[in-house]
Amino acid sequence: MNEKGSSLLEVVIAMLILGLSVAVLVGGLFISRLVSDRASLRAAALQQIAAVSEELTSMPFVPCNDPNNIYPTPAPATSPVLPKVSLTVETLDVTTNTWLPCTGSAVDAKKGVQLVIISSSVNGKVLTGNVVKIR
C-alpha cells in the first residue's frame, strides 16, 4: 500500500542508469574521433611524402656542387594542420662506402649517387621516405 517512495526510487535509479550510459556513449565517440584524427593526420603526412617523392623522381639529377643548391624545397602544406616536409640530400662516397652530406662545393662533383631523405614529423614520430638519384 505504501509504494509512493519506491516508485520515486525506481525513477531515480533509471535516470542514473540512463545518464551513465549516455556519458559512456559520448565518451566513446570522443575517443574514436581522437583516434580517427590522428590516423588521418598520419595518412595525410604520408601522402604528402609520397607526392614529394614522386616529384623528386621526375626531376633530373643535380650535382652537389651545383650553384642552384640541389633540389627545390617542397611547397608548404596546403593545410596549416599538416606538418612541414623537409629534404636532406646525401651523396655516396665510394672510397669509404659511406653517405656524406651534400653540401655545395665541398663535395666532389664526380659523385653520381645521391640519397634524398624526405621527412616529416607527426605527433612526435618522424615519418620518412627515400629517393635514390643516380647520375
Side-chain angles (χ1 to χ4, degrees):
M1 297 213 178
N2 189 6
E3 293 186 16
K4 291 180 185 176
S6 64
S7 64
L8 178 62
L9 184 61
E10 289 171 355
V11 169
V12 169
I13 290 174
M15 292 300 287
L16 184 65
I17 290 172
L18 283 173
L20 238 139
S21 42
V22 167
V24 167
L25 182 65
V26 169
L29 289 173
F30 180 73
I31 288 174
S32 69
R33 177 150 187 250
L34 284 177
V35 170
S36 174
D37 286 350
R38 281 187 165 205
S40 65
L41 182 62
R42 178 177 163 82
L46 288 172
Q47 184 178 12
Q48 201 176 8
I49 288 172
V52 171
S53 175
E54 197 172 305
E55 184 181 339
L56 286 171
T57 302
S58 67
M59 290 179 172
F61 181 90
V62 180
C64 286
N65 64 346
D66 191 301
N68 294 329
N69 203 7
I70 294 299
Y71 304 100
T73 306
T78 54
S79 165
V81 177
L82 288 177
K84 182 182 175 204
V85 174
S86 62
L87 299 180
T88 306
V89 183
E90 297 180 347
T91 185
L92 181 64
D93 184 358
V94 291
T95 57
T96 61
N97 206 22
T98 57
W99 292 99
L100 301 173
C102 193
T103 53
S105 60
V107 178
D108 184 9
K110 295 177 184 171
K111 293 183 170 67
V113 179
Q114 292 174 345
L115 175 66
V116 183
I117 303 166
I118 309 156
S119 60
S120 182
S121 179
V122 176
N123 297 326
K125 294 187 178 184
V126 178
L127 305 172
T128 61
N130 299 325
V131 175
V132 176
K133 304 290 284 181
I134 300 174
R135 185 185 298 244

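Throughout, residue positions are numbered sequentially from 1 according to the sequence presented. Just the heavy atoms: all of them, side chains too, but no hydrogens, waters or symmetry mates, feed the values below.
Looking at heavy atoms from C-beta onward, Leu92 lies in side-chain contact with Asn97 at the 4.5 angstrom threshold. Under the 4.5 Å side-chain criterion, counting only non-hydrogen atoms from C-beta, Met59 is in contact with Leu56. At a threshold of 4.5 Å between non-hydrogen side-chain atoms, the residues Leu34 and Phe30 count as touching. In this structure the side chain of Leu115 never reaches within 4.5 angstrom of the side chain of Val89, judged on heavy atoms.
Once rounded to the nearest 0.5 Å, the distance linking CD1 of Ile117 with CD of Glu90 reads 4.0 Å. Thr128 OG1 to Ile118 CD1: the interatomic distance, rounded to the nearest 0.5 Å, is 9.0 Å. Between the CG atom of Leu20 and the CG atom of Leu25 there is a distance of 12.0 Å, given to the nearest 0.5 Å. With rounding to the nearest 0.5 Å, the separation of CZ in Arg33 from OG in Ser40 is 9.5 Å.
One N or O on the side chain of Thr91 and one on the backbone of Val113 form a donor-acceptor pair closer than 3.5 Å. Side chain of Ser36 to backbone of Ser32: no donor-acceptor contact under 3.5 angstrom is found. Put simply, the side chain of Ser53 never gets that close to the backbone of Ile49: no donor and acceptor are under 3.5 Å apart.
No hydrogens or angles considered: a donor-acceptor pair under 3.5 Å links the side chains of Ser119 and Ser86.
Lys133 and Thr57 make their closest contact through NZ-O, 3.8 Å (heavy atoms, listed as atom of the first residue, atom of the second, distance).
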